[in-house]
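This report refers to the structure that appears directly beneath it.
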Number of protein chains: 2
Amino acid sequence: MNKKNLMTLADIAKLANVSTSTASRALRDNPVIKQATRDLVQGIAKEHNFKVNVTASKLRTQKTNTIAVVVMLERKSGQVISDPFLMEILGTIADELTKFGYDMLLTTTKTATHDWYSYYYESKRADGLIIIGQGEHDQRVESLANTKLPFVVWGTEIHENSYTTIGSDNRKGGFLAVQHLIKQGCKRIAFLGDINHNEVEQRWLGYQDALKEADLPIEHGLQIKTDFTSNDGYSKLRDHLLIEDQGIDGIFAVSDAIALGASKYLFEQNIDVPQKIAIIGFDDIAMSEFCSPSLSTIKQNTAAGGRLLVKILLNKINQQPVKSQLLDVEVVQRQSSSR
Amino acid sequence: MNKKNLMTLADIAKLANVSTSTASRALRDNPVIKQATRDLVQGIAKEHNFKVNVTASKLRTQKTNTIAVVVMLERKSGQVISDPFLMEILGTIADELTKFGYDMLLTTTKTATHDWYSYYYESKRADGLIIIGQGEHDQRVESLANTKLPFVVWGTEIHENSYTTIGSDNRKGGFLAVQHLIKQGCKRIAFLGDINHNEVEQRWLGYQDALKEADLPIEHGLQIKTDFTSNDGYSKLRDHLLIEDQGIDGIFAVSDAIALGASKYLFEQNIDVPQKIAIIGFDDIAMSEFCSPSLSTIKQNTAAGGRLLVKILLNKINQQPVKSQLLDVEVVQRQSSSR
DNA sequence: GATATTAATGCAATCGATTGCAAGATATTT
DNA sequence: AAATATCTTGCAATCGATTGCATTAATATC
């Protein structure tokens with residue numbers, strides 16, 4: 001027993017009258033050790049509630065069995081942070097890592113160091129990295145590509161071969177959303193979102209795909225740069241609907257939060273949703289079902305995303321070949337777009 | 001250099017022509033080492049981008065500089081997880097820990113082990129534990145009180161001296177909410193929430209405080225057991241408003257999610273909010289401002305909570321005396337309760 | 001200039017578990 | 001029964017940094 005009263009492997013070995021090597025092997029069920037001995041050692045360990053000191057183990061084995069997850073949210077404070085999708089994907093990742101015997105280290109980019117390679121890998125804090133929300137093009141992520149750090153990114157594939165990305169099929173999502181609005185009879189559909197954001201850019205491409213398919217003109221004036229907040233959804237719609245154009249009959253907002261902000265404005269203006277203007281969002285947050293009118297949206301498969309991120313990363317760590325993947329999305333139709 | 005090409009302290013020492021002990025001390029700016037030597041060693045370290053192997057360091061110093069955060073969310077799947085408050089408090093905790101040089105280990109209770117003392121403390125994974133959302137009385141938390149593991153809990157103080165708790169002043173929150181409704185002229189106020197949940201119980205007490213203060217009768221029939229979901233807010237209101245009573249003129253829902261569900265039902269029934277029934281929620285989630293009518297609520301100071309959790313825990317780890325604390329809350333008045 | 005202080009540095013043990021290799025114990029073969 | 005093959009176990013080195021104590025170098029004191 002050491003100072004702190006915690007059992008050590010040597011204590012267990014002594015109690016079992018074996019060497020520490022035997023004890024170590026016995027505890028991990030190494031078949032080279034006689035079954036009886038294994039039982040004995042394991043029994044004593046359990047009896048004394050012995051737990052291996054993972055720090056010592058990490059040092060010796062040179063594996064941390066830990067994955068760091070970086071959540072990128074330094075953007076104009078408090079926006080992304082309230083995104084319920086984030087919590088859900090984090091939860092899934094945490095559970096999935098646990099399942100594989102890994103611990104999860106969490107950081108946001110707000111205060112943390114920016115040299116992830118040094119901090120996590122060189123310092124031996126983690127075996128790999130998951131980056132959530134690559135947002136706009138980011139130098140820190142780019143530069144990781146040249147290091148030995150195994151990592152995967154949630155987001156959109158940018159440069160073909162530079163790193164591995166897992167994300168929703170945003171282009172298809174945009175396509176489905178707009179196709180749906182068109183089916184409901186919409187002809188002039190506004191796009192609310194900031195296409196500097198990689199994922200939004202894909203949704204914007206999907207928007208165009210759908211218009212083209214329906215032989216509708218693409219008017220760039222209908223693409224309104226909007227932050228990921230209800231607030232901005234509200235005010236951008238106010239400014240643009242009044243000044244530029246009264247002929248809009250549909251809105252595709254790149255997040256439910258934006259859509260709800262927009263809805264509020266329409267409600268205040270007594271503009272009928274969905275009859276005069278139909279709306280569809282993106283994400284399917286919990287609230288969408290419970291506002292009035294309830295909000296149609298594009299649903300991402302967050303749980304599958306979390307699981308895939310972990311799987312791909314662990315494969316990578318084990319030197320197996322991996323490639324970027326897109327997750328399917330689907331339309332959830334509710335009142336806001338049902339004419 | 002070891003196999004993996006990573007510099008080790010010994011390499012740096014050799015390059016600087018000093019012993020590893022001197023190198024070690026020099027790197028940490030130990031004043032016992034001559035300034036010139038310190039500069040030399042630090043320079044060489046920087047030049048070669050050397051990073052101390054934290055695993056080795058942890059083993060030798062017996063400090064992990066890591067805090068584990070357990071998010072309790074095994075409740076009927078997917079409810080608490082979407083609570084935006086969770087993500088916000090996690091973000092704050094992460095940043096705050098970073099600021100103090102600690103890493104943060106995150107787990108949910110879904111798949112993880114339940115013997116936190118063994119897993120985190122005995123195994124030397126973390127120096128302390130933060131538990132978020134104690135929810136209903138929980139045996140796992142109780143039993144930690146008898147261990148040497150330093151920990152703090154976000155929630156409600158239950159047993160005076162058994163462990164340290166940080167949380168919003170839920171009783172005051174309930175009081176303020178109901179007092180506010182009364183000021184708006186409400187006389188029969190329904191309570192939507194499950195008082196088996198510790199924090200909700202406090203809100204329920206606050207509810208009673210306010211009624212008493214106004215000399216209004218406390219009708220236990222108006223306390224409707226409701227889960228933390230919009231869904232349940234919707235259906236419980238439906239079932240109870242119809243069958244039991246038509247005289248309700250106010251609703252205090254213990255979360256905004258519940259309140260939004262309730263609102264939806266009232267909207268569908270063409271019941272005027274706030275004129276016929278005024279509503280107030282709890283949490284101030286982002287959506288509350290953007291539904292129609294916008295939702296009045298009680299706002300928690302999540303950021304302060306996160307900071308306090310970290311501060312108290314670190315104090316505890318450093319053997320300083322600490323005590324449980326309540327955070328102030330405030331009413332945010334919006335349309336749903338403005339007559 | 002010899003001795004007493006003080007400042008800098010290095011030696012070697014230590015943290016606790018893991019593992020290659022050797023040795024001892026047991027079983028099998030001839 | 002001797003020789004060989006097969007099981008089990010233990011020895012001792014190792015992972016990389018930290019630290020108590022001893023030692024050497026530099027400075028001060030008489």
Side-chain angles (χ1 to χ4, degrees), chain A residues 1-42 44-45 48-66 118 121-125 127, chain B residues 1-42 44-45 48-66 118 121-125 127:
Chain A
M1 307 257 277
N2 62 20
K3 299 101 239 177
K4 282 197 162 178
N5 256 327
L6 286 180
M7 281 269 161
T8 149
L9 182 63
D11 299 325
I12 300 298
K14 204 168 296 163
L15 288 171
N17 264 311
V18 296
S19 68
T20 57
S21 12
T22 301
S24 173
R25 294 184 175 111
L27 281 177
R28 281 168 306 140
D29 248 336
N30 187 327
V32 88
I33 302 295
K34 191 171 30 166
Q35 186 65 53
T37 313
R38 276 186 266 165
D39 293 343
L40 172 67
V41 175
Q42 289 172 13
I44 294 183
H48 291 79
N49 208 282
F50 166 76
K51 290 284 145 44
V52 159
N53 181 323
V54 292
T55 303
S57 176
K58 285 177 183 178
L59 176 58
R60 176 63 229 237
T61 60
Q62 302 281 59
K63 276 250 324 173
T64 67
N65 271 292
T66 300
S118 279
Y121 197 71
E122 295 198 308
S123 306
K124 290 272 186 291
R125 276 173 233 263
D127 297 330
Chain B
M1 307 257 279
N2 63 20
K3 299 102 239 177
K4 280 197 162 178
N5 255 328
L6 285 182
M7 281 269 159
T8 149
L9 182 62
D11 298 324
I12 300 298
K14 203 168 298 161
L15 288 172
N17 264 310
V18 295
S19 68
T20 58
S21 12
T22 300
S24 173
R25 293 183 175 112
L27 280 177
R28 281 167 306 139
D29 248 335
N30 187 326
V32 87
I33 301 296
K34 191 171 33 167
Q35 186 64 54
T37 313
R38 276 187 265 166
D39 293 344
L40 173 67
V41 175
Q42 288 173 15
I44 293 182
H48 290 80
N49 209 282
F50 167 75
K51 289 284 144 44
V52 159
N53 181 323
V54 291
T55 303
S57 177
K58 285 178 183 177
L59 176 57
R60 176 63 229 240
T61 61
Q62 302 280 59
K63 276 249 327 174
T64 67
N65 270 294
T66 300
S118 280
Y121 197 69
E122 296 199 306
S123 308
K124 291 273 188 292
R125 275 173 234 262
D127 297 330

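So you know, we letter chains A, B, ... as the sequences are listed, proteins then strands, and number each from 1. Hydrogens, waters and symmetry mates are skipped; everything else that's a heavy atom, side chains included, is used.
For B:S19 and C:dG10, the shortest distance from a side-chain N or O to OP1 or OP2 is below 4.0 Å. Under 4.0 angstrom from either OP1 or OP2 of C:dG16 there lies at least one side-chain N or O belonging to B:Q62. The phosphate of D:dG16 has neither OP1 nor OP2 within less than 4.0 Å of any side-chain N or O from B:T8. Between B:S24 and D:dT18 there is a side-chain N or O to OP1 or OP2 distance below 4.0 Å. A close approach under 4.0 Å does not occur between any side-chain nitrogen or oxygen of B:T61 and OP1 or OP2 of D:dA17. OP1 or OP2 of C:dA8 has not a single side-chain nitrogen or oxygen of B:T37 nearer than 4.0 Å.
Residues B:T64 and B:K124 have side chains that never bring a donor and an acceptor to within less than 3.5 angstrom of each other. Looking only at atom types and distance, the side chain of B:Q42 has a donor-acceptor partner in the side chain of B:D29 under 3.5 Å away. Looking only at atom types and distance, the side chain of B:S118 has a donor-acceptor partner in the side chain of A:N49 under 3.5 Å away. A donor-acceptor pair shorter than 3.5 Å can be found between the side chains of B:T22 and B:S19.
When each of C:dT19, C:dT9, D:dA17 is scored by its nearest atom to the side-chain atoms of A:S21, the top-ranked nucleotide is C:dT19.
Put simply, CG on B:L27 is 13 Å from C1' on D:dG16, counting in whole angstrom units. Following rounding to the nearest Å, A:N17 (CG) and D:dT8 (P) show an atom-to-atom distance of 19 Å. For the pair B:R28 CZ and D:dA17 C1', the interatomic distance rounds to 8 Å; values are reported in whole Å. Distance CD1 (B:I33) to C1' (D:dT23): 14 Å, rounded to an integer number of Å. In this structure, the CG atom of A:N30 is 10 Å from the C1' atom of C:dT19, given to the nearest Å. Straight-line distance from the CZ atom of B:R60 to the C1' atom of D:dT18: 5 Å, rounded to whole Å. Rounded to whole Å, the distance from NZ on A:K34 to C1' on D:dG10 is 14 Å. If you take CZ of B:R25 and P of C:dC11, they are 12 Å apart, rounded to a whole angstrom.
Residue-to-nucleotide proximity on DNA chain C shows that, of B:P31 and B:L59, the 5′-proximal contact is made by B:P31. Residue-to-nucleotide proximity on DNA chain C shows that, of A:V54 and B:T20, the 5′-proximal contact is made by B:T20.
Considering A:N30, A:L27, A:I33 as possible partners of A:R38, the one that fulfils the side chain to side chain contact (heavy atoms under 4.5 Å, CB included) test is A:I33.
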